[in-house]
Trainee: 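Structure below; questions to follow.
Computed from heavy atoms alone, side chains included, the values below leave out hydrogens, waters and symmetry copies.
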Amino acid sequence: MRTVLQRVTSARVTVAGEVVGEIGEGLVALVGVTHDDGPEEIATTVRKIAQLRLLRDETSVLDRGAQVLVVSQFTLHADVRKGRRPSWNAAAPGPVAEPVVAAVADGLRELGVSVATGRFGADMAIDIHADGPVTIVLDVPA
């Protein structure tokens with residue numbers, strides 16, 4: 001699983017003009033799922049999102065009571081080593097990826113984190129107000 005974490009002052013996801021997810025201070029988590037991602041990768045990703053000290057004053061989402069916007073992002077697994085057209089072979093198909101992304105969001109909620117989400121498979125517009133900017137790539141397993 002590959003997750004891009006971006007520290008934000010606010011962020012929102014819009015689908016067809018409708019805001020479907022919105023947060024204040026916290027992290028945007030763009031989550032890309034591969035074919036082999038399962039419970040262990042989900043648990044590690046959830047723990048890292050909640051506990052990494054990426055927010056101001058070296059605090060975590062849990063420390064600050066910050067929010068997380070979780071958005072599925074299969075393009076994180078693009079292979080662009082050959083030619084000009086990306087290959088998406090490493091990205092899990094929708095029926096595999098959707099429950100994994102949902103499990104990441106649910107795992108964060110179980111820790112008491114306020115979570116908003118995008119809409120899986122939709123054409124989403126994401127407004128990100130970067131803070132810092134701070135952007136981290138989290139690969140699990142590393």
Trainee: I'd like to check Glu25 versus Arg7 (side-chain heavy atoms, cut-off strictly below 4.5 Å). Are they in contact?
Mentor: no

Trainee: How many angstroms lie between CG in Leu138 and CG in Leu54, if you round to the nearest 0.5 Å?
Mentor: 9.5 Å

Trainee: Taking the side chain as every heavy atom from C-beta outward, state whether Val70 and Leu108 have any pair of such atoms under 4.5 Å apart.
Mentor: yes

Trainee: Does any part of the side chain of Thr34, heavy atoms only, come nearer than 4.5 Å to the side chain of His77, both counted from C-beta?
Mentor: yes

Trainee: I need the minimum non-hydrogen distance between Pro86 and Ala78, along with the two atoms involved.
Mentor: CB-CB, 4.1 Å

Trainee: Hey, are the side chains of Leu55 and Val61 touching, using non-hydrogen atoms and a 4.5 Å cut-off?
Mentor: yes

Trainee: Under the rule for salt bridge (Lys or Arg N to Asp or Glu O under 4.0 Å), what residues qualify as partners of Arg109, not counting sequence neighbours?
Mentor: Asp106

Trainee: If you apply the rule side chain to side chain contact (heavy atoms under 4.5 Å, CB included), what do you find for Gln6 with Ile128, and how did you get there?
Mentor: CA-CA 9 Å; Gln6 192 159 33; Ile128 296 173; 3.6 Å; yes

Trainee: How many angstroms lie between NE2 in His129 and CD1 in Ile23, if you round to the nearest 0.5 Å?
Mentor: 10.5 Å

Trainee: If you measure from CG on Leu69 to CD1 on Ile126, what distance do you get to the nearest 0.5 Å?
Mentor: 7.0 Å

Trainee: For Gly118 and Val13, work out which heavy atoms get closest and say how close.
Mentor: CA-CG1, 4.0 Å

Trainee: Under 3.5 Å, is there a donor on one side chain and an acceptor on the other for Thr59 and Asp57?
Mentor: no

Trainee: Measuring from Arg119:CZ to Ser72:OG, what's the distance to the nearest 0.5 Å?
Mentor: 13.5 Å

Trainee: Same cluster for Val134 and Leu52 if Ile/Leu/Val/Met/Phe/Trp/Tyr side chains link at under 4.5 Å?
Mentor: yes

Trainee: Could you check if a side-chain atom of Val104 sits within less than 4.5 angstrom of a side-chain atom of Val101, using non-hydrogen atoms only?
Mentor: no

Trainee: With a 4.5 Å limit on heavy-atom distance, are the side chains of Trp88 and Asp79 in contact?
Mentor: no

Trainee: Do Val46 and Ile136 share a hydrophobic cluster (ILVMFWY, side-chain heavy atoms under 4.5 Å, transitive)?
Mentor: yes

Trainee: Just wondering, do Val71 and Val31 contact through their side chains at under 4.5 Å, heavy atoms?
Mentor: no

Trainee: Pair Val20, Thr14 - check side chain to side chain contact (heavy atoms under 4.5 Å, CB included), show working.
Mentor: CA-CA 6 Å; Val20 297; Thr14 306; over 6 Å; no

Trainee: Find the distance between CG (Asp36) and CD (Glu41) and round it off to the nearest 0.5 Å.
Mentor: 8.0 Å

Trainee: If only side-chain N and O atoms count, and only distance matters, is there a donor-acceptor pair under 3.5 Å linking Ser60 with Gln51?
Mentor: no

Trainee: What about Leu27 and Val33, same hydrophobic cluster or not, with Ile/Leu/Val/Met/Phe/Trp/Tyr joined at side-chain heavy-atom distances under 4.5 Å?
Mentor: yes

Trainee: Linking I/L/V/M/F/W/Y whenever their side-chain heavy atoms sit closer than 4.5 Å, directly or via other members, would Val68 and Val100 fall into one cluster?
Mentor: yes

Trainee: Kindly give the heavy-atom pair with the smallest separation between Ala92 and Ala97, and that separation in Å.
Mentor: O-CB, 3.9 Å

Trainee: Give me the atom names and distance for the closest heavy-atom approach of Ile49 to Ala29.
Mentor: CD1-CB, 4.1 Å

Trainee: Measuring only between side-chain heavy atoms, which start at C-beta, is Val4 closer than 4.5 Å to Thr135?
Mentor: yes

Trainee: Which heavy atom of Leu111 sits nearest a heavy atom of Ala50, and at what distance?
Mentor: CD1-CB, 3.7 Å

Trainee: At their closest point, which heavy atom of Asp139 faces which heavy atom of Arg2, and how far apart are they?
Mentor: OD1-NE, 2.7 Å

Trainee: Which distance, rounded to the nearest 0.5 Å, do you find between the CE of Met124 and the OG1 of Thr117?
Mentor: 9.0 Å

Trainee: Are Phe120 and Val19 connected in the hydrophobic side-chain network, where two residues link if heavy atoms are under 4.5 Å apart?
Mentor: no

